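These notes concern the structure reproduced below.
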Amino acid sequence: MKVIDHINEAKDTLFSFEILPPLKGKSIQSIYNGIDPLMEFKPKFINVTYHREEYVYRERDKGLLEKVSIRKRPGTVGICAAIMNKYHVDAVPHLICGGFSREDTENALIDLQFLGIDNVLALRGDPIKTEAAFKPAIKGHNYAVELIEQIQAMNKGKYTMDEIHLEPTDFCVGAAGYPEKHFEAMNMDTDLQYLKQKVDMGADYIITQLFYDNNKYFDFVKRCRAVGINVPIIPGLKPISNLRHISFLPKFFHIDLPNELSSELLKCKTNDDVKQVGIEWGIQQTKELKAAGVPCIHYYTMSNSSEVKQIASELF
Ligand code: FAD
C-alpha cells in the first residue's frame, strides 16, 4: 500500500522508522533485531536507506596504493523485499541519483515493481566523500526533481526506450525537505522553491531531515504552505544517544541543537547520560508534534532501535 494512502486513511499520528542496511558481510538478522522491538507500535512503513560506493585506498606491493571502489552497505532492495515478506509492512527503499544512469534507475524501478514495492523515497544523494561537489553519473540525474520526473513518467508508461504502450508503474513518491535548509542551498527561499518543484513534479509527501527544535519544523511547514506546498510533511526525529552524536549530528546533518538541549548535554559525562537526555528530549518532541496533529512521526534508528522503543512506548 502507498504511504500517501496510509496517511490519508489514518485517524491519528502514524509511527514509522528508517533503518540502514548492515555492513557488507553481516547477517540480515541484525536488521530483524532492530525491527522486532518496534513492531508492537504498528509501523505503517519502514524506510531502508541507500548507500552508494565509496573510494578507499588499499596498500599493495612496494608501498603502492590502489584506489578501490566499494559499497559498504549494499542490500537495500533485498532488505525491502525481506521486510515485506516477513512483517507484511510496506517497505520504502531510498533511491538516489548518484551513481545511477537513467537506465540504471529504470531497471531498479522495474525490480521494485516486480517485488510488489509501491513506494520510493527519491533523493539526490550526497557527494561521495572524496568529491567536493555532487557529480551525476553519465546520463544520470543532477537533482532529485529529475528522478521524480522519471518515476512519474514510468507511472504513465514512459520508459527510456522509444516503444509505446509499456506497462505503467504505480509508485508513491516521497521527497526530502530541510527545516534548517539544505546545506548547499543559497537560502531558505531558494530551497523551498526547489522543494516545490519536487512536489509539482509529483512528490506525494515530504519527510524532513532530523531536527531537535520543533519550532523549526512548525516554521518550515508554515513557509511550505505559504509557497503552495500542500502535501503532508512528515517530521523526522533522531534521539541523540551517545557523546559522539553531540558533535557528529550538527556537523553531518547541518542542524543546530537548541540551547535547552545543549545545556543538558553539556552536563553529560557518559554515553548513558546522553542517552537519557536524548530519550527525554525525544519524548517531549514527539508529544508536541502529536498534539499538533502531524500525519506521522518518522524515527531515524541508525541501526539502533532501543531509544526509539523507549520513546514510542510512552506515546504510540
Ligand atoms: P535535491 O532536492 O536535489 O536538492 C539538493 C540541493 O540542490 C539543494 O540545495 C536544493 O536547494 C538544490 N536544488 C534542487 N533542485 C535544484 C535545481 N533544479 N537547480 C538548482 N538547485 C537545485 N542520502 C543517501 O545517500 N542515501 C539515503 O538513503 C538518504 N536518505 C535520506 C532520507 C531523508 C529523509 C533525507 C532528508 C535525506 C536523505 N539522504 C540520503 C541525504 C540526501 O541525499 C542529501 O541531503 C542530498 O545532499 C540532497 O538530497 P535531496 O534529495 O534533498 O536533493
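Read the numbers this way: they start at 1 and go in the same order the structure lists the ligands and their atoms. The first residue of the sequence shown is numbered 1, and numbering continues consecutively from there. Predicted model only: the values in this text are computed from it and were never measured.
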List every atom of ligand 1 that sits less than 4.0 Å from any heavy atom of Asp191, numbering the atoms from 1 in the order shown and giving each element. 8 (C), 9 (O), 10 (C), 11 (O)
At under 4.0 Å between heavy atoms, what of Arg124 touches ligand 1? The answer is both
Can we say Asp189 and Arg223 salt-bridge, meaning some charged N sits less than 4.0 Å from an Asp/Glu carboxylate O? yes
Name of the residue among His6, His298, Lys42 meeting side chain to side chain donor-acceptor pair (under 3.5 Å) with Ser16: His298
Give the atoms of ligand 1, by number and element, whose distance to some non-hydrogen atom of Gln197 is under 4.0 Å. 18 (N)
Give a yes/no verdict on a cation-pi contact between Lys86 and Tyr32, requiring under 6.0 Å between NZ or CZ and the six-membered ring centre and an angle within 45° of the axis. yes
Against the six-membered ring of Tyr205, is Lys2 placed for a cation-pi contact (under 6.0 Å from the centre, within 45° of the normal)? no
Would you mind telling me if ligand 1 is within reach of the side chain of Glu184, the backbone, both or neither, using heavy atoms under 4.0 Å? both
Could you tell me whether atom 51 (O) of ligand 1 has a protein heavy atom closer than 4.0 Å? yes
Side chain, backbone, both or neither: Tyr300 near ligand 1, heavy atoms under 4.0 Å: side chain
So the atoms of ligand 1 within less than 4.0 Å of a heavy atom of His182 turn out to be 5 (C), 6 (C), 8 (C), 9 (O), 45 (O), 46 (C), 47 (O), 48 (C)
Students should be able to answer this: which protein heavy-atom is nearest to atom 30 (N) of ligand 1, and at what distance? His94 ND1, 3.0 Å
Just to be sure I'm reading this right: ignoring hydrogens, which of Tyr50, Tyr178, Phe134 gets closest to atom 49 (O) of ligand 1? Compare them by their nearest heavy atoms. Tyr178
Atoms of ligand 1 close to Ala185 [distance to a heavy atom under 4.0 angstrom, numbered from 1]: 9 (O), 11 (O)
Between Glu40 and Lys309, does any side-chain N to carboxylate O distance fall below 4.0 Å? yes
Is any side-chain N of the basic residue among Lys139 and Glu103 closer than 4.0 Å to the acidic one's carboxylate O? no
